[in-house]
There are 2 protein chains.
Amino acid sequence: MQNHITPQKTAPLSITLTDRLFDSLQRAIVEGEIASGSKISEPELARQYRVSRGSLREAIGRLEARKLVERKPNLGARVVTLSYEQLIEIFQVREALEGMAARLAAQNMSDQEISELQTLLTEHGQQIEEQQGQAYFQKQGDLDFHYRIVQGSKNRQLIGLLCNDLYHLLRMYRYQFGMRSKRSQQAYNEHHFLLNAIVARDAEMAELLMRQHIRSSQRNVEGVFLNLNSEL
Amino acid sequence: MQNHITPQKTAPLSITLTDRLFDSLQRAIVEGEIASGSKISEPELARQYRVSRGSLREAIGRLEARKLVERKPNLGARVVTLSYEQLIEIFQVREALEGMAARLAAQNMSDQEISELQTLLTEHGQQIEEQQGQAYFQKQGDLDFHYRIVQGSKNRQLIGLLCNDLYHLLRMYRYQFGMRSKRSQQAYNEHHFLLNAIVARDAEMAELLMRQHIRSSQRNVEGVFLNLNSEL
DNA sequence: AAACCCAAAAGTGTCGACACTATTTTATTT
DNA sequence: AAATAAAATAGTGTCGACACTTTTGGGTTT
């Protein structure tokens with residue numbers, strides 16, 4: 001029984017409701033709209049999003065798989081609570097995975113992709129000179145750069161782990177702790193070294209430099225946290 | 001408000017149906033009971049397991065998150081098809097993650113845990129001498145050893161990624177391709193070297209040895225596949 | 001007033017039914 | 001008979017309802 005009054009068949013965007021719900025919720029959680037550590041009430045959220053509980057539960061299930069919420073049987077789901085310890089854990093995993101990604105990228109990126117990455121990095125350099133202090137673009141730029149290298153690894157397991165699982169958690173930390181680093185110039189330099197290694201197809205060196213880069217970023221975060229604590 | 005009459009509070013057997021379903025399906029898929037690459041019919045499976053489709057769908061959702069099945073909107077879910085390329089990808093991720101795990105384990109394992117691991121390894125050595133060729137126990141032993149080191153890293157992100165995501169996929173390959181390695185003696189030696197590094201609390205060396213160990217295992221698998229192809 | 005118990009309310013887990021989409025089968029045209 | 005179109009079938013996506021569990025609130029006892 002096809003309804004011949006609905007001509008919007010043109011949009012095979014049959015993206016499922018659960019998908020959209022998942023995206024919305026993920027964004028809301030990452031950006032702190034739904035407070036970290038808060039309990040998630042299924043009936044309430046279902047009303048709020050005008051959606052049945054069934055679909056909502058499937059979306060929450062995915063959020064759980066991405067470690068954005070924790071669920072206990074018969075008790076419900078809570079948004080994860082961020083901790084300094086967990087952030088360090090994430091940095092350690094990133095160091096391992098992105099180090100490998102850089103190694104593989106040095107082997108597997110196409111010349112085309114590499115030259116695009118060079119262009120991107122040049123733009124970043126200009127932005128840093130022009131607008132000193134505006135950390136917003138830098139953060140985005142940093143993410144872009146890392147993102148491309150991960151893609152360049154051509155390892156789909158790796159890509160999935162980093163882009164689907166870890167990066168969202170990391171973005172959540174950035175939003176909620178508002179980490180504004182003053183090391184954009186330093187980070188830019190490190191990106192440059194790393195890219196040089198990739199251009200030279202030096203996999204070993206690429207991994208080394210990526211790991212140093214991430215450790216450096218980690219130390220920066222550690223410093224911020226120490227300062228924060230000393231201010232209390 | 002302690003209830004001194006209900007001591008069985010210790011056993012919260014309220015494990016949800018979806019949980020059990022997920023476990024059953026995961027086992028069935030990993031062990032090949034549900035053929036790799038085959039389509040999953042929700043109504044059929046629901047009848048088979050005497051369960052409603054709703055619960056089944058939640059379980060399938062989790063399987064998807066663990067990359068054991070792939071789902072396309074309105075088309076349904078299929079068990080992932082294993083490929084040589086994907087197996088190599090998994091080895092690369094393992095090398096990165098378990099390398100880091102070994103590094104952290106060298107720093108964070110308790111003396112108690114280390115000595116237990118030494119005991120375990122000694123048992124493995126005896127088993128190898130006693131029953132040459134019985135690769136079953138060796139495989140299990142290898143998994144035990146790696147499992148403990150990952151736990152020893154004390155990094156919950158890392159533990160989750162390896163034990164919940166990757167290891168099941170890896171077990172699936174083992175079941176379906178029946179990889180029986182003839183290098184149990186070699187693997188045992190490598191485990192021993194690695195453990196020595198951990199005993200010495202040499203994190204750098206532990207990571208290096210773990211990575212070599214996994215690469216060695218990877219080369220073994222590559223060899224098996226090449227032989228397989230030359231036999232066709 | 002604090003601790004305990006019990007009933008009411010709210011929340012989660014599970015189910016069956018309906019709506020819409022994709023596939024297969026049947027019917028029609030050339 | 002092959003190709004196309006239409007109808008029937010099967011499958012997935014979404015929903016509302018019921019069952020069971022946990023929490024809440026009020027009433028009783030010490």
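Throughout, protein chains are lettered first and strands after them, A, B, ... in sequence-line order, and every chain is numbered starting at 1.
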Taking for each residue the nucleotide of DNA chain D bearing the nearest heavy atom, is the 5' side occupied by B:Ala77 or by A:Val51?
B:Ala77
Between [atom2] on [N] and [atom1] on [X], what's the gap in Å once rounded to a whole number?
X	N	atom1	atom2	answer
A:Arg47	D:dC15	CZ	P	15 Å
A:Leu75	D:dC20	CG	P	19 Å
A:Arg50	D:dT14	CZ	C1'	17 Å
A:Glu58	C:dT12	CD	P	16 Å
B:Asn74	C:dA22	CG	P	5 Å
A:Leu45	C:dA10	CG	C1'	15 Å
A:Lys72	D:dT21	NZ	C1'	16 Å
A:Arg20	D:dG13	CZ	C1'	11 Å

In plain terms, say whether A:Asp23 and A:Arg62 are close enough for a salt bridge, that is, a side-chain N and a carboxylate O under 4.0 Å apart.
no
Ionic contact status for B:Glu113 with B:Lys154, cut-off 4.0 Å:
yes
Can you find a side-chain donor-acceptor pair between A:Gln26 and A:Arg66 that sits under 3.5 Å?
yes
Please work out which of the three classes, parallel, tilted or perpendicular, describes the rings of B:His191 and B:Phe145, given edges at 30° and 60°.
parallel
Between [X] and [N], does any side-chain N or O lie under 4.0 Å from OP1 or OP2?
X	N	result
B:Ser41	D:dA10	no
A:Ser55	D:dC15	yes
B:Lys39	D:dA10	no
A:Thr16	D:dT14	yes

Checking contacts here: which listed nucleotide ([options]) is nearest the side-chain heavy atoms of [X]?
X	options	answer
A:Glu42	C:dC15, C:dG13, D:dC15	C:dG13
A:Arg53	D:dT12, C:dC15, C:dG13	C:dG13
B:Arg57	D:dT12, C:dT14, D:dT21	D:dT12

Looking across every strand, which nucleic acid part, if any, lies under 4.0 Å from A:Ile40 by heavy atom: base, sugar-phosphate, or nothing?
sugar-phosphate
Contact class for B:Gly54 vs. all strands (heavy atom < 4.0 Å): base, sugar-phosphate, or nothing?
nothing
Verdict with supporting geometry, B:Arg57 and B:Glu42, salt bridge (Lys or Arg N to Asp or Glu O under 4.0 Å):
CA-CA 8 Å; B:Arg57 278 174 65 83; B:Glu42 293 182 3; 3.0 Å; yes
